[in-house]
Amino acid sequence: MWRRVLRGGHAFIGLRSGGTKALWGFHGLRACSAPALPAGCITALQAVDFWTKQFEGKGVTEPELSSRYIIAYLLGAKTIESLEQQRLKEFLSREETDQLWQLCTQRLSRMPVQYVIGEWDFRDLTLKMRPPVFIPRPETEELVEVVLTDLQRLCGSGATVLEVGCGSGAISVSLLKSLPQLKAFALDQSQEAVDLTRENALRYGVQDRLQVHNIDVVKDADALLGLCGSVAVLVSNPPYLFSQDMTTLQPEILRFEDHAALDGGKDGLNVIKQILTLAPRILPNQGRVYLEVDPRHPPLIQQWVEGNGKSLQYIETRSDICGRPRFCILQNEAPKPDQD
Amino acid sequence: MATSFFSQMSLKSWRLLWGVSPRLSQLLRPSQPGLICVLAVGKKDLTDFPVLVEDELEEQFVRGSGPGGQATNKTSNCVVLKHIPTGIVVKCHQTRSVDINRKRAREIMREKLDVAYKGELSEVLVKKRESVLRKQVKRKKVNENLERKKQFKEALVAENKPGGNETL
(Lines give C-alpha, C1' and ligand atoms only; values in the text may rest on other atoms or scores of the structure.)
Protein backbone atom coordinates (compact mmCIF):
# COMPACT_ATOMS: atom_id res chain seq x y z
CA MET A 1 0.00 0.00 0.00
CA TRP A 2 2.75 2.45 0.88
CA ARG A 3 4.65 1.54 -2.24
CA ARG A 4 1.67 2.41 -4.38
CA VAL A 5 1.46 5.90 -2.96
CA LEU A 6 5.18 6.48 -3.30
CA ARG A 7 5.14 5.46 -6.96
CA GLY A 8 3.12 8.56 -7.80
CA GLY A 9 5.99 11.02 -7.52
CA HIS A 10 3.68 14.01 -7.40
CA ALA A 11 2.43 12.78 -4.05
CA PHE A 12 5.41 14.48 -2.44
CA ILE A 13 4.61 17.93 -3.75
CA GLY A 14 2.50 19.12 -0.90
CA LEU A 15 5.00 17.99 1.70
CA ARG A 16 8.30 19.51 0.58
CA SER A 17 7.48 22.73 2.30
CA GLY A 18 6.75 20.78 5.43
CA GLY A 19 10.45 20.13 6.03
CA THR A 20 11.01 17.19 8.29
CA LYS A 21 7.32 16.42 8.10
CA ALA A 22 8.09 15.07 4.63
CA LEU A 23 9.39 11.99 6.38
CA TRP A 24 6.17 10.14 6.02
CA GLY A 25 5.81 6.83 4.27
CA PHE A 26 7.62 4.18 6.25
CA HIS A 27 9.25 6.78 8.47
CA GLY A 28 5.93 8.41 9.10
CA LEU A 29 4.54 5.17 10.36
CA ARG A 30 7.38 4.80 12.84
CA ALA A 31 7.28 8.45 13.78
CA CYS A 32 3.67 8.08 14.99
CA SER A 33 4.17 6.78 18.50
CA ALA A 34 1.47 4.16 18.62
CA PRO A 35 0.13 3.34 22.08
CA ALA A 36 0.97 -0.07 23.49
CA LEU A 37 -1.61 -2.83 23.51
CA PRO A 38 -3.63 -2.93 26.72
CA ALA A 39 -2.40 -5.33 29.39
CA GLY A 40 -5.84 -6.62 30.28
CA CYS A 41 -9.11 -6.95 28.41
CA ILE A 42 -11.14 -4.06 27.15
CA THR A 43 -14.66 -3.70 25.87
CA ALA A 44 -15.63 -2.07 22.59
CA LEU A 45 -16.99 0.95 24.46
CA GLN A 46 -13.76 1.35 26.39
CA ALA A 47 -11.82 1.04 23.15
CA VAL A 48 -13.89 3.81 21.54
CA ASP A 49 -13.16 6.02 24.50
CA PHE A 50 -9.46 5.17 24.56
CA TRP A 51 -8.87 5.77 20.87
CA THR A 52 -10.98 8.93 20.78
CA LYS A 53 -8.59 10.37 23.34
CA GLN A 54 -5.57 9.10 21.41
CA PHE A 55 -6.78 10.76 18.21
CA GLU A 56 -7.61 13.97 20.03
CA GLY A 57 -4.15 14.03 21.54
CA LYS A 58 -2.50 13.73 18.14
CA GLY A 59 -4.75 16.25 16.40
CA VAL A 60 -6.44 13.65 14.23
CA THR A 61 -9.65 15.10 12.77
CA GLU A 62 -13.03 13.56 13.67
CA PRO A 63 -11.48 11.70 16.63
CA GLU A 64 -14.67 10.19 17.99
CA LEU A 65 -16.25 9.39 14.63
CA SER A 66 -13.06 7.73 13.42
CA SER A 67 -12.91 5.60 16.53
CA ARG A 68 -16.57 4.58 16.28
CA TYR A 69 -16.40 3.66 12.59
CA ILE A 70 -13.28 1.55 13.02
CA ILE A 71 -14.62 -0.36 15.99
CA ALA A 72 -18.00 -0.88 14.35
CA TYR A 73 -16.21 -2.29 11.31
CA LEU A 74 -14.16 -4.59 13.50
CA LEU A 75 -17.36 -5.94 15.04
CA GLY A 76 -18.91 -6.51 11.63
CA ALA A 77 -21.23 -3.52 11.56
CA LYS A 78 -21.45 -0.29 9.61
CA THR A 79 -22.22 1.95 12.57
CA ILE A 80 -21.86 1.70 16.33
CA GLU A 81 -25.55 2.55 16.64
CA SER A 82 -26.53 -0.67 14.93
CA LEU A 83 -24.74 -2.80 17.51
CA GLU A 84 -26.42 -4.12 20.64
CA GLN A 85 -25.37 -2.43 23.84
CA GLN A 86 -24.64 -5.93 25.16
CA ARG A 87 -22.07 -6.57 22.43
CA LEU A 88 -20.37 -3.25 23.09
CA LYS A 89 -19.92 -4.14 26.75
CA GLU A 90 -18.35 -7.54 26.06
CA PHE A 91 -14.61 -7.91 26.21
CA LEU A 92 -12.82 -7.92 22.90
CA SER A 93 -10.76 -11.03 22.15
CA ARG A 94 -7.01 -10.82 21.90
CA GLU A 95 -7.19 -11.05 18.11
CA GLU A 96 -9.84 -8.34 17.94
CA THR A 97 -7.76 -6.07 20.14
CA ASP A 98 -4.66 -6.67 18.01
CA GLN A 99 -6.54 -5.89 14.84
CA LEU A 100 -8.11 -2.82 16.39
CA TRP A 101 -4.72 -1.49 17.42
CA GLN A 102 -3.39 -2.03 13.91
CA LEU A 103 -6.32 -0.22 12.31
CA CYS A 104 -6.36 2.69 14.72
CA THR A 105 -2.59 3.14 14.44
CA GLN A 106 -3.07 3.65 10.73
CA ARG A 107 -5.61 6.34 11.50
CA LEU A 108 -3.00 8.00 13.70
CA SER A 109 -0.95 8.61 10.57
CA ARG A 110 -4.01 10.50 9.19
CA MET A 111 -4.97 7.72 6.82
CA PRO A 112 -8.63 8.32 5.94
CA VAL A 113 -11.03 6.00 7.77
CA GLN A 114 -12.27 4.78 4.41
CA TYR A 115 -8.79 3.45 3.57
CA VAL A 116 -8.23 2.10 7.08
CA ILE A 117 -11.30 -0.12 6.91
CA GLY A 118 -10.97 -0.65 3.17
CA GLU A 119 -14.56 0.19 2.39
CA TRP A 120 -17.16 2.96 2.42
CA ASP A 121 -20.80 3.45 1.58
CA PHE A 122 -22.08 5.31 -1.43
CA ARG A 123 -25.86 5.48 -1.66
CA ASP A 124 -27.02 1.92 -1.04
CA LEU A 125 -23.68 0.35 -2.00
CA THR A 126 -20.71 -0.63 0.11
CA LEU A 127 -17.67 -0.12 -2.09
CA LYS A 128 -14.11 -1.32 -1.67
CA MET A 129 -11.66 1.48 -1.01
CA ARG A 130 -7.92 1.38 -1.57
CA PRO A 131 -5.29 4.12 -1.60
CA PRO A 132 -4.55 6.11 -3.65
CA VAL A 133 -7.84 5.73 -5.52
CA PHE A 134 -10.06 8.74 -4.85
CA ILE A 135 -12.67 8.27 -2.13
CA PRO A 136 -16.22 9.15 -3.25
CA ARG A 137 -17.59 12.26 -1.56
CA PRO A 138 -21.20 12.58 -0.31
CA GLU A 139 -21.89 15.37 -2.79
CA THR A 140 -21.46 12.91 -5.63
CA GLU A 141 -24.37 10.82 -4.33
CA GLU A 142 -26.58 13.66 -5.40
CA LEU A 143 -25.02 13.73 -8.86
CA VAL A 144 -26.12 10.13 -9.30
CA GLU A 145 -29.63 11.03 -8.13
CA VAL A 146 -29.86 13.80 -10.74
CA VAL A 147 -28.60 11.57 -13.56
CA LEU A 148 -30.91 8.72 -12.55
CA THR A 149 -33.99 10.91 -12.56
CA ASP A 150 -33.22 12.16 -16.06
CA LEU A 151 -32.24 8.74 -17.40
CA GLN A 152 -35.46 7.20 -16.11
CA ARG A 153 -37.50 9.96 -17.63
CA LEU A 154 -35.78 10.20 -20.98
CA CYS A 155 -34.15 6.98 -22.05
CA GLY A 156 -35.44 4.16 -19.92
CA SER A 157 -33.88 0.94 -21.03
CA GLY A 158 -30.98 0.24 -23.34
CA ALA A 159 -29.10 3.50 -22.97
CA THR A 160 -25.33 3.78 -22.63
CA VAL A 161 -23.54 6.06 -20.24
CA LEU A 162 -19.94 7.24 -20.33
CA GLU A 163 -18.16 8.12 -17.10
CA VAL A 164 -14.90 10.03 -17.21
CA GLY A 165 -12.67 9.65 -14.17
CA CYS A 166 -14.42 6.71 -12.51
CA GLY A 167 -12.13 6.35 -9.48
CA SER A 168 -13.59 3.55 -7.35
CA GLY A 169 -16.51 3.16 -9.77
CA ALA A 170 -19.06 4.74 -7.44
CA ILE A 171 -21.04 6.58 -10.11
CA SER A 172 -21.06 3.87 -12.77
CA VAL A 173 -21.78 0.96 -10.44
CA SER A 174 -24.53 2.97 -8.76
CA LEU A 175 -26.21 3.77 -12.07
CA LEU A 176 -25.89 0.22 -13.37
CA LYS A 177 -27.28 -1.21 -10.15
CA SER A 178 -30.31 1.09 -10.28
CA LEU A 179 -31.03 0.62 -13.99
CA PRO A 180 -30.80 -3.05 -15.01
CA GLN A 181 -30.95 -2.21 -18.74
CA LEU A 182 -28.21 0.39 -18.65
CA LYS A 183 -24.73 -0.13 -20.11
CA ALA A 184 -21.68 1.93 -19.28
CA PHE A 185 -18.16 2.83 -20.28
CA ALA A 186 -15.90 4.03 -17.48
CA LEU A 187 -12.50 5.62 -17.95
CA ASP A 188 -9.70 6.62 -15.64
CA GLN A 189 -6.11 7.73 -16.21
CA SER A 190 -5.08 5.58 -13.24
CA GLN A 191 -4.71 1.83 -13.70
CA GLU A 192 -5.35 1.41 -9.99
CA ALA A 193 -8.69 3.15 -10.36
CA VAL A 194 -9.54 0.94 -13.33
CA ASP A 195 -8.74 -2.15 -11.25
CA LEU A 196 -10.79 -0.99 -8.28
CA THR A 197 -13.76 -0.05 -10.46
CA ARG A 198 -13.71 -3.54 -11.94
CA GLU A 199 -13.65 -5.07 -8.45
CA ASN A 200 -16.60 -3.00 -7.30
CA ALA A 201 -18.53 -3.78 -10.47
CA LEU A 202 -17.94 -7.48 -9.83
CA ARG A 203 -19.05 -7.11 -6.24
CA TYR A 204 -22.41 -5.85 -7.44
CA GLY A 205 -22.76 -8.14 -10.42
CA VAL A 206 -22.79 -5.38 -13.02
CA GLN A 207 -19.47 -6.24 -14.67
CA ASP A 208 -21.16 -7.59 -17.81
CA ARG A 209 -22.66 -4.20 -18.55
CA LEU A 210 -19.56 -2.16 -17.76
CA GLN A 211 -16.40 -1.67 -19.77
CA VAL A 212 -13.55 0.00 -17.89
CA HIS A 213 -10.55 1.48 -19.71
CA ASN A 214 -7.30 3.07 -18.65
CA ILE A 215 -7.51 6.26 -20.72
CA ASP A 216 -6.38 9.82 -20.02
CA VAL A 217 -8.92 12.03 -21.81
CA VAL A 218 -6.53 14.97 -21.87
CA LYS A 219 -3.54 13.13 -23.32
CA ASP A 220 -5.34 10.55 -25.39
CA ALA A 221 -8.61 11.91 -26.70
CA ASP A 222 -8.44 9.68 -29.77
CA ALA A 223 -8.57 6.57 -27.62
CA LEU A 224 -11.82 7.81 -26.15
CA LEU A 225 -13.34 8.74 -29.49
CA GLY A 226 -12.48 5.37 -30.95
CA LEU A 227 -13.94 3.55 -28.01
CA CYS A 228 -17.62 4.06 -27.75
CA GLY A 229 -20.23 4.92 -30.31
CA SER A 230 -22.87 7.35 -29.25
CA VAL A 231 -23.67 7.59 -25.56
CA ALA A 232 -26.85 9.02 -24.14
CA VAL A 233 -25.19 10.60 -21.15
CA LEU A 234 -21.71 11.74 -20.21
CA VAL A 235 -21.16 11.97 -16.46
CA SER A 236 -18.07 13.03 -14.57
CA ASN A 237 -16.67 14.05 -11.24
CA PRO A 238 -13.39 15.22 -12.78
CA PRO A 239 -10.43 16.65 -10.88
CA TYR A 240 -11.66 20.21 -10.27
CA LEU A 241 -9.52 21.71 -7.55
CA PHE A 242 -7.44 24.79 -8.29
CA SER A 243 -3.72 23.91 -8.20
CA GLN A 244 -3.01 26.60 -5.62
CA ASP A 245 -5.62 25.09 -3.28
CA MET A 246 -3.90 21.72 -3.31
CA THR A 247 -1.41 22.87 -0.70
CA THR A 248 -4.12 23.67 1.84
CA LEU A 249 -5.68 20.23 1.73
CA GLN A 250 -5.96 18.19 4.91
CA PRO A 251 -3.31 15.47 5.39
CA GLU A 252 -5.89 12.74 4.80
CA ILE A 253 -6.17 13.90 1.22
CA LEU A 254 -2.66 15.17 0.56
CA ARG A 255 -0.83 12.14 1.86
CA PHE A 256 -3.07 9.36 0.65
CA GLU A 257 -5.26 10.26 -2.32
CA ASP A 258 -4.10 10.46 -5.94
CA HIS A 259 -3.37 14.14 -6.65
CA ALA A 260 -4.15 13.57 -10.31
CA ALA A 261 -7.73 12.85 -9.24
CA LEU A 262 -7.95 16.26 -7.60
CA ASP A 263 -5.81 18.84 -9.38
CA GLY A 264 -7.70 20.53 -12.21
CA GLY A 265 -4.98 23.01 -13.07
CA LYS A 266 -4.68 26.74 -12.50
CA ASP A 267 -8.39 27.40 -12.71
CA GLY A 268 -9.46 23.83 -11.98
CA LEU A 269 -10.92 23.53 -15.47
CA ASN A 270 -8.28 21.57 -17.39
CA VAL A 271 -10.09 18.25 -17.46
CA ILE A 272 -13.56 19.83 -17.52
CA LYS A 273 -12.76 21.83 -20.65
CA GLN A 274 -11.39 18.74 -22.36
CA ILE A 275 -14.54 16.78 -21.52
CA LEU A 276 -16.75 19.57 -22.88
CA THR A 277 -14.59 19.80 -26.02
CA LEU A 278 -15.07 16.10 -26.69
CA ALA A 279 -18.73 15.95 -25.68
CA PRO A 280 -20.29 17.13 -29.01
CA ARG A 281 -18.43 14.33 -30.75
CA ILE A 282 -19.71 11.64 -28.39
CA LEU A 283 -23.23 12.74 -27.64
CA PRO A 284 -26.21 12.43 -29.95
CA ASN A 285 -28.69 15.25 -30.35
CA GLN A 286 -30.21 16.00 -26.91
CA GLY A 287 -27.51 13.97 -25.19
CA ARG A 288 -26.49 15.42 -21.84
CA VAL A 289 -23.38 16.11 -19.80
CA TYR A 290 -23.51 16.04 -16.01
CA LEU A 291 -20.53 17.40 -14.12
CA GLU A 292 -19.58 17.85 -10.51
CA VAL A 293 -17.49 21.00 -10.16
CA ASP A 294 -15.99 23.56 -7.81
CA PRO A 295 -18.57 26.13 -6.56
CA ARG A 296 -16.75 28.85 -8.51
CA HIS A 297 -17.02 27.01 -11.82
CA PRO A 298 -20.64 27.28 -13.05
CA PRO A 299 -20.43 30.89 -14.35
CA LEU A 300 -16.95 30.20 -15.79
CA ILE A 301 -18.18 27.11 -17.58
CA GLN A 302 -21.27 28.89 -18.86
CA GLN A 303 -19.09 31.61 -20.27
CA TRP A 304 -16.63 29.20 -21.84
CA VAL A 305 -19.38 27.15 -23.47
CA GLU A 306 -20.82 30.25 -25.15
CA GLY A 307 -17.56 30.78 -27.01
CA ASN A 308 -16.18 27.27 -27.30
CA GLY A 309 -18.98 24.83 -26.68
CA LYS A 310 -19.95 24.36 -30.32
CA SER A 311 -23.32 22.59 -30.17
CA LEU A 312 -23.28 22.30 -26.38
CA GLN A 313 -25.84 24.37 -24.55
CA TYR A 314 -25.68 25.18 -20.85
CA ILE A 315 -28.91 23.97 -19.25
CA GLU A 316 -28.71 24.52 -15.52
CA THR A 317 -26.72 24.62 -12.31
CA ARG A 318 -27.78 22.58 -9.29
CA SER A 319 -26.70 23.04 -5.72
CA ASP A 320 -25.49 20.39 -3.33
CA ILE A 321 -26.94 19.63 0.08
CA CYS A 322 -24.88 22.44 1.60
CA GLY A 323 -26.32 24.93 -0.85
CA ARG A 324 -23.13 25.33 -2.87
CA PRO A 325 -23.38 25.43 -6.68
CA ARG A 326 -22.05 21.99 -7.46
CA PHE A 327 -23.52 20.39 -10.59
CA CYS A 328 -23.57 21.59 -14.18
CA ILE A 329 -25.95 20.16 -16.73
CA LEU A 330 -25.34 20.74 -20.44
CA GLN A 331 -27.06 19.43 -23.52
CA ASN A 332 -25.94 18.78 -27.07
CA GLU A 333 -28.18 20.60 -29.48
CA ALA A 334 -27.15 19.09 -32.78
CA PRO A 335 -30.11 18.06 -34.88
CA LYS A 336 -29.31 16.01 -37.97
CA PRO A 337 -29.13 18.12 -41.16
CA ASP A 338 -32.13 17.73 -43.46
CA GLN A 339 -31.70 15.04 -46.06
CA ASP A 340 -33.04 15.64 -49.51
CA MET B 1 -64.12 -2.51 12.58
CA ALA B 2 -62.93 1.05 12.26
CA THR B 3 -59.25 0.20 12.13
CA SER B 4 -59.42 -2.42 9.35
CA PHE B 5 -61.69 -0.17 7.29
CA PHE B 6 -59.12 2.56 7.61
CA SER B 7 -56.35 0.25 6.38
CA GLN B 8 -58.43 -0.77 3.37
CA MET B 9 -59.14 2.84 2.63
CA SER B 10 -55.43 3.55 2.63
CA LEU B 11 -54.70 0.82 0.10
CA LYS B 12 -57.42 1.97 -2.25
CA SER B 13 -56.61 5.66 -2.06
CA TRP B 14 -52.91 4.87 -2.51
CA ARG B 15 -53.55 3.01 -5.75
CA LEU B 16 -55.90 5.72 -7.00
CA LEU B 17 -53.47 8.50 -6.25
CA TRP B 18 -50.22 7.06 -7.43
CA GLY B 19 -51.06 4.07 -9.59
CA VAL B 20 -47.88 2.35 -8.54
CA SER B 21 -47.12 -0.47 -6.20
CA PRO B 22 -46.81 0.95 -2.72
CA ARG B 23 -43.84 -1.35 -2.22
CA LEU B 24 -41.86 0.63 -4.79
CA SER B 25 -39.53 3.16 -3.31
CA GLN B 26 -39.44 6.32 -5.36
CA LEU B 27 -38.24 9.83 -5.11
CA LEU B 28 -40.28 11.98 -7.43
CA ARG B 29 -38.93 15.30 -8.56
CA PRO B 30 -40.87 17.12 -11.27
CA SER B 31 -38.80 19.36 -13.48
CA GLN B 32 -40.71 22.53 -12.65
CA PRO B 33 -39.58 24.52 -9.67
CA GLY B 34 -42.03 25.05 -6.85
CA LEU B 35 -43.90 22.38 -5.02
CA ILE B 36 -41.91 19.19 -4.89
CA CYS B 37 -43.41 16.15 -3.30
CA VAL B 38 -41.38 13.33 -1.90
CA LEU B 39 -42.77 9.85 -1.67
CA ALA B 40 -40.91 7.90 0.90
CA VAL B 41 -42.11 4.33 1.07
CA GLY B 42 -39.58 1.57 1.42
CA LYS B 43 -41.72 -0.24 3.98
CA LYS B 44 -43.39 -3.58 3.55
CA ASP B 45 -46.67 -2.52 5.13
CA LEU B 46 -49.06 -0.28 3.33
CA THR B 47 -49.14 3.10 4.91
CA ASP B 48 -50.86 6.30 4.11
CA PHE B 49 -48.39 8.67 5.73
CA PRO B 50 -48.65 12.35 4.90
CA VAL B 51 -46.79 13.46 1.81
CA LEU B 52 -43.84 15.72 2.50
CA VAL B 53 -43.59 19.07 0.80
CA GLU B 54 -39.92 19.88 0.30
CA ASP B 55 -40.56 23.61 0.51
CA GLU B 56 -41.70 23.11 4.09
CA LEU B 57 -38.49 21.37 5.06
CA GLU B 58 -35.17 22.74 6.19
CA GLU B 59 -32.24 20.42 5.89
CA GLN B 60 -28.89 20.69 7.57
CA PHE B 61 -25.84 18.63 6.97
CA VAL B 62 -22.56 19.13 8.74
CA ARG B 63 -19.80 19.09 6.15
CA GLY B 64 -17.24 20.99 8.15
CA SER B 65 -16.22 24.58 7.54
CA GLY B 66 -14.17 23.70 4.47
CA PRO B 67 -15.19 24.09 0.83
CA GLY B 68 -16.67 20.60 0.61
CA GLY B 69 -16.55 18.39 -2.45
CA GLN B 70 -13.14 17.05 -3.44
CA ALA B 71 -11.41 19.47 -1.10
CA THR B 72 -12.80 17.79 1.99
CA ASN B 73 -12.65 14.27 3.31
CA LYS B 74 -14.96 13.96 6.28
CA THR B 75 -16.95 10.98 7.44
CA SER B 76 -19.69 12.87 9.24
CA ASN B 77 -23.02 12.24 7.56
CA CYS B 78 -25.60 13.29 10.09
CA VAL B 79 -28.68 14.84 8.52
CA VAL B 80 -30.97 17.15 10.44
CA LEU B 81 -34.41 17.70 8.95
CA LYS B 82 -36.83 20.30 10.26
CA HIS B 83 -40.49 20.58 9.32
CA ILE B 84 -41.11 24.31 9.46
CA PRO B 85 -44.90 24.40 9.98
CA THR B 86 -44.86 22.04 12.96
CA GLY B 87 -41.31 22.58 14.20
CA ILE B 88 -40.71 18.84 14.29
CA VAL B 89 -37.02 17.96 13.97
CA VAL B 90 -35.61 14.63 12.86
CA LYS B 91 -31.97 13.72 13.18
CA CYS B 92 -30.57 10.76 11.27
CA HIS B 93 -27.13 9.20 11.17
CA GLN B 94 -28.17 5.58 10.91
CA THR B 95 -25.98 4.78 7.91
CA ARG B 96 -22.66 5.82 6.41
CA SER B 97 -24.35 7.34 3.38
CA VAL B 98 -25.65 10.90 3.47
CA ASP B 99 -28.11 10.11 0.69
CA ILE B 100 -29.62 7.19 2.59
CA ASN B 101 -29.75 9.19 5.83
CA ARG B 102 -31.64 11.93 4.01
CA LYS B 103 -34.17 9.43 2.73
CA ARG B 104 -34.51 7.77 6.14
CA ALA B 105 -34.92 11.14 7.83
CA ARG B 106 -37.84 11.82 5.50
CA GLU B 107 -39.41 8.47 6.28
CA ILE B 108 -39.14 9.17 9.99
CA MET B 109 -40.52 12.67 9.46
CA ARG B 110 -43.55 11.26 7.68
CA GLU B 111 -44.21 8.94 10.62
CA LYS B 112 -43.88 11.78 13.11
CA LEU B 113 -46.13 14.02 11.07
CA ASP B 114 -48.66 11.25 10.87
CA VAL B 115 -48.80 11.01 14.66
CA ALA B 116 -48.88 14.77 14.99
CA TYR B 117 -51.71 15.23 12.51
CA LYS B 118 -53.90 12.28 13.16
CA GLY B 119 -53.42 11.68 16.84
CA GLU B 120 -55.24 8.50 17.78
CA LEU B 121 -56.07 7.73 14.18
CA SER B 122 -52.43 7.94 13.07
CA GLU B 123 -51.15 4.98 11.09
CA VAL B 124 -48.37 4.37 13.56
CA LEU B 125 -50.75 3.94 16.47
CA VAL B 126 -53.25 2.00 14.37
CA LYS B 127 -50.53 -0.44 13.34
CA LYS B 128 -49.43 -0.78 16.94
CA ARG B 129 -52.93 -1.61 18.13
CA GLU B 130 -53.44 -4.03 15.26
CA SER B 131 -50.21 -5.77 16.16
CA VAL B 132 -51.28 -6.12 19.80
CA LEU B 133 -54.65 -7.45 18.67
CA ARG B 134 -53.02 -9.98 16.32
CA LYS B 135 -50.82 -11.23 19.14
CA GLN B 136 -53.85 -11.64 21.41
CA VAL B 137 -55.73 -13.61 18.76
CA LYS B 138 -52.67 -15.78 18.15
CA ARG B 139 -52.21 -16.51 21.83
CA LYS B 140 -55.87 -17.44 22.12
CA LYS B 141 -55.54 -19.86 19.20
CA VAL B 142 -52.43 -21.45 20.65
CA ASN B 143 -54.16 -21.97 23.98
CA GLU B 144 -57.20 -23.46 22.26
CA ASN B 145 -54.98 -25.88 20.35
CA LEU B 146 -53.17 -26.90 23.49
CA GLU B 147 -56.50 -27.47 25.20
CA ARG B 148 -57.76 -29.57 22.29
CA LYS B 149 -54.62 -31.70 22.28
CA LYS B 150 -54.91 -32.20 26.02
CA GLN B 151 -58.50 -33.38 25.72
CA PHE B 152 -57.58 -35.71 22.85
CA LYS B 153 -54.81 -37.27 24.91
CA GLU B 154 -57.09 -37.75 27.89
CA ALA B 155 -59.67 -39.41 25.66
CA LEU B 156 -57.02 -41.78 24.28
CA VAL B 157 -55.88 -42.76 27.75
CA ALA B 158 -59.50 -43.37 28.79
CA GLU B 159 -59.97 -45.70 25.76
CA ASN B 160 -56.88 -47.82 26.37
CA LYS B 161 -57.33 -48.22 30.11
CA PRO B 162 -59.64 -51.25 30.37
CA GLY B 163 -57.80 -53.47 27.81
CA GLY B 164 -54.34 -52.71 29.12
CA ASN B 165 -51.51 -51.36 26.98
CA GLU B 166 -51.23 -53.09 23.65
CA THR B 167 -48.63 -50.75 22.27
CA LEU B 168 -45.47 -49.84 24.02
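First the proteins, then the strands, lettered A, B, ... as listed; each starts at 1.
Ranking A:Asp320, A:Leu262, A:Leu148, A:Val113 against chain B, the residue ahead of the rest is A:Leu262, based on heavy-atom pairs under 4.5 Å. Per-residue counts of heavy-atom pairs under 4.5 Å with chain B were compared for A:Lys78, A:Arg326, A:Glu81; the largest is that of A:Lys78.
With a threshold of 4.5 angstrom between heavy atoms, B:Gln94 approaches chain A through N, CA, C or O but not through any side-chain atom. Contact annotation for A:Ile135: only side-chain heavy atoms (C-beta onward) come within less than 4.5 Å of a heavy atom of chain B. Neither the backbone nor the side chain of A:Pro251 comes within contact range of chain B, judged by heavy atoms closer than 4.5 Å. Only the side chain of A:Thr126 comes within less than 4.5 Å of a heavy atom of chain B; its backbone N, CA, C and O stay farther away. When heavy atoms are compared at a cutoff of 4.5 Å, A:Asp124 approaches chain B by way of both its backbone and its side chain. Neither the backbone nor the side chain of A:Asp294 comes within contact range of chain B, judged by heavy atoms closer than 4.5 Å. A:Ala261 touches chain B through its backbone: at least one of N, CA, C or O sits under 4.5 Å from a heavy atom, while the side chain does not.
Formation of a donor-acceptor pair under 3.5 Å by the A:Arg68 side chain with backbone atoms of A:Ile80 is not found in this model. No donor-acceptor distance shorter than 3.5 angstrom exists from the side chain of A:Ser178 to the backbone of A:Leu175, with no hydrogens or angles considered.
Note that the OG atom of A:Ser66 and the NZ atom of B:Lys74 stand 10.5 Å from one another [nearest 0.5 Å]. Atom OG of residue A:Ser82 and atom CZ of residue B:Arg96 lie 9.5 Å apart, to the nearest 0.5 angstrom. To the nearest 0.5 Å, the span separating CZ on B:Arg110 from NE2 on B:His83 amounts to 11.5 Å.
Between A:Phe242 and A:His297, the ring centre distance stays below 6.0 Å. In this structure, the ring of A:Tyr69 has its center less than 6.0 angstrom from the ring center of A:Trp120.
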